[in-house]
Amino acid sequence: MTNGNVATDTLNVESGGRPFDLSATAWLVGQAVTQLNTEGKNGEHQYAQTTRLLRDCKDAKDTIISLVSQTKGADHPMRWSLLYVLGDVADLSAADFLVDLAVSKLPENQTQCCEGPRDSELLIRTMAVEALVAIAKRDVSAAGHLLKLVKQQPAQPILIEATKAAIALGLRDEVAEILPNEAQWILDIRRVRCDEVQADPERADTGERSFTPPNQAKLATAPSVICAKQEGE
């Protein structure tokens, strides 16, 4: 589904022996996760109502963080969803948790497949950054934690996301002072419209071929990625 600008897969939260049954607040968190992953305007409306209720629960932040910790590492969609809810519910007191998660060491990929544990954990840490941004938009004092995150020099993909987020919150000069010289290029990353991007064709015979795709792979000049697993099949 698409909730706001974030696309997610359908995720069902089952009751019965699950952590969401441990308290009324945990149950509300479970409802928020379900509604976050429910398609349509009704799901978005119910999610907004549930997160509004959670903001009034004094134990909401601690409950969500506890659920994140209890969720098995391989259940990445659940952890991602819980962090999304945390960003919409928590206050400044959750910032340190999100920074610590974002800078935590990434696992090494143990397989030759296109996606491995490292890729999934990158998504989790990226969501931790996004959750921190969501909190900072409600409480500007949380923006300083993005600088703290950048200063700790996390993995490059996370550093890029944290830098972009800090710049969006008006902290470009502060980030520029923190970034080492070899990472200053991150400051130049920006979003542009498709019609603003131009690229000259690499082929010298494009006029003759009229950009017809080559019928042999070795003639192709566009970059391509082939899964190592597929290559061996």
Side-chain angles (χ1 to χ4, degrees), residues 1-91 93-95 97-102 104 106-107 109 113-139 142 157-158 161-162 164-165 168 191:
M1 67 149 289
T2 299
N3 191 300
N5 295 322
V6 180
T8 62
D9 296 326
T10 300
L11 184 67
N12 294 321
V13 178
E14 299 177 358
S15 60
R18 294 291 299 270
F20 297 109
D21 297 326
L22 297 179
S23 69
T25 301
W27 183 86
L28 271 178
V29 174
Q31 293 302 302
V33 170
T34 297
Q35 292 149 9
L36 173 65
N37 293 277
T38 300
E39 294 184 4
K41 293 293 184 182
N42 185 58
E44 293 181 14
H45 174 73
Q46 295 297 327
Y47 175 78
Q49 295 287 355
T50 304
T51 51
R52 189 176 295 115
L53 289 172
L54 280 168
R55 289 189 200 111
D56 293 331
C57 297
K58 294 181 179 180
D59 61 339
K61 181 262 295 183
D62 291 336
T63 297
I64 297 172
I65 290 177
S66 176
L67 288 168
V68 172
S69 301
Q70 292 176 53
T71 304
K72 293 182 179 179
D75 195 352
H76 297 104
M78 181 62 75
R79 290 168 63 207
W80 187 96
S81 296
L82 287 167
L83 290 171
Y84 190 109
V85 175
L86 183 65
D88 283 343
V89 169
D91 56 19
S93 62
F97 167 79
L98 292 169
V99 170
D100 290 343
L101 176 55
S104 59
L106 286 162
N109 278 336
C113 295
C114 294
E115 295 184 3
R118 181 182 177 87
D119 304 288
S120 298
E121 290 296 331
L122 271 174
L123 292 177
I124 297 299
R125 285 154 182 74
T126 299
M127 178 46 63
V129 176
E130 292 299 319
L132 184 56
V133 171
I135 294 172
K137 288 180 178 178
R138 297 193 302 273
D139 184 347
I158 306 306
E161 292 303 315
K164 288 161 53 181
R191 292 183 178 181

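All of these numbers come straight from a predicted model, not from anything done at the bench. Values below: every heavy atom of this structure, side chains too, minus hydrogens, waters and symmetry copies.
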Step-by-step side chain to side chain donor-acceptor pair (under 3.5 Å) determination, T50 to Q46:
CA-CA 6 Å; T50 304; Q46 295 297 327; 5.3 Å; no

Rounded to the nearest 0.5 Å, what separation is found between the OH atom of Y84 and the OG1 atom of T51?
9.5 Å

On a heavy-atom basis, the closest approach of T38 and T34 is OG1-O, 2.7 Å

Any side-chain heavy-atom pair from V33 and V85 closer than 4.5 angstrom?
yes

E121: what forms a side chain to side chain contact (heavy atoms under 4.5 Å, CB included) with it, not counting sequence neighbours?
H76, R79, L106, P107, I124, R125

The complete set of side-chain hydrogen bond (donor to acceptor under 3.5 Å, both in side chains) pairs with one or both residues in residues 53-63, sequence neighbours excluded, reads T25-D59

Go through the steps for L36 and D88 under the test side chain to side chain contact (heavy atoms under 4.5 Å, CB included), then give the verdict.
CA-CA 11 Å; L36 173 65; D88 283 343; over 6 Å; no

Is there a side-chain contact between L86 and V68 (heavy atoms, below 4.5 Å)?
no

What's the separation between atom OG1 in T71 and atom CG in L83, rounded to the nearest 0.5 Å?
9.0 Å

Distance in Å, L28 CG paired with R52 CZ, rounded so as to fall on 0.5 Å steps
13.0 Å

Side-chain donor-acceptor distances from residues 126-137 under 3.5 Å, at least two apart:
{"residue": "T126", "atom": "OG1", "partner": "L122", "partner atom": "O", "Å": "2.8"}

Indicate the atoms forming the closest heavy-atom contact of S23 with A26, along with that distance.
OG-N, 3.0 Å

Once rounded to the nearest 0.5 Å, what's the spacing between atom OG of S120 and atom CG of D75?
11.0 Å

